[in-house]
Amino acid sequence: MTRVWKWNRPVTVREVLEDLQKERSIAYTTVMTVLDNLHQKGWVRREAEGRAYRYEAVSTRAAYSAALMNDAWSQSDNPAAALVAFFGMMSEEQRRALRDAVHIVQGPEEGPERGAGGGETRVTPDAADEKRVKKPGEASGEKQGEKPGENPDSGPGGTGR
């Protein structure tokens, strides 16, 4: 599949064979069997061309990876905790890519509020363990709408006197 995805075009068994033979010895029938198995499993479609077939990926490598991640995540008994653990394993570069992907999915923001309750929603480790998501300020006992460290009873000087 790596070569089919990399080339991003219909390929023949001969093309895959010749590329693989640059790395190791492999038989034509082995490559043909693997591509036929991929076709039977629905990973590639094929079209006859003379006495051979041209094979083409049914979906992208990214879509396949996404399906794998979704399948693993959906099998968790605590999906939020699984996500927190997964995010904790990510490098900074992967976290940036994740943020970029979330921005793409969410689209442009409309106004200062995001989501039904306003503000940004984040998953915290204890929220994941409780199988719920916390809004900013909940973890520290602040009320929604207050700024961190702000006490509405303290008056303009912030002293409470």
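Quick caveat, the model's predicted, so the values are computed rather than measured. These numbers come from the heavy atoms of this one structure, side chains and all, not from hydrogens, waters or symmetry mates.
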Using 0.5 Å steps for rounding, measure from the [atom1] atom of [X] to the [atom2] atom of [Y].
| X | Y | atom1 | atom2 | result |
| --- | --- | --- | --- | --- |
| Glu18 | Leu20 | CD | CG | 10.5 Å |
| Met90 | Arg96 | CE | CZ | 12.5 Å |
| Ile104 | Arg99 | CD1 | CZ | 13.5 Å |

Could you check whether any side-chain N or O of Trp43 sits under 3.5 Å from a backbone N or O of Leu35, counting only pairs where one atom can act as donor and the other as acceptor? no
Worksheet item: Judged by atom type as modelled, is there a donor-acceptor pair below 3.5 Å linking the side chain of Arg54 to the main-chain atoms of Pro10?
Response: yes
Answer whether the closest heavy-atom distance between the side chains of [X] and [Y] falls below 4.5 Å.
| X | Y | answer |
| --- | --- | --- |
| Tyr55 | Leu38 | no |
| Val16 | Trp7 | yes |
| Val13 | Tyr28 | yes |
| Arg3 | Val11 | no |
| Arg61 | Met1 | no |

Q.
Counting only heavy atoms from other residues, nucleotides and ligands, does the tally under 6.0 Å from CD of Gln40 exceed 12?
A.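 Counting other residues, nucleotides and ligands, CD of Gln40 exceeds 12 neighbours.
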Task: Heavy atoms of other groups near Glu47 CD, more than 12 under 6.0 Å - done: no
Any idea which heavy atoms bring [X] and [Y] closest together, and the distance?
| X | Y | result |
| --- | --- | --- |
| Glu15 | Arg9 | OE2-NH1, 3.2 Å |
| Glu56 | Val4 | C-CG1, 4.2 Å |
| Leu17 | Ile26 | CD1-O, 3.4 Å |

Same cluster for [X] and [Y] if Ile/Leu/Val/Met/Phe/Trp/Tyr side chains link at under 4.5 Å?
| X | Y | result |
| --- | --- | --- |
| Tyr64 | Met69 | no |
| Leu98 | Val105 | no |
| Trp5 | Val34 | yes |

### Query
Charged N to carboxylate O under 4.0 angstrom, Glu92 versus Arg95?
yes
Task: is_close_aromatic(Trp73, Phe86), centroid dist under 6.0 Å - done: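 So the answer is no for these two rings.
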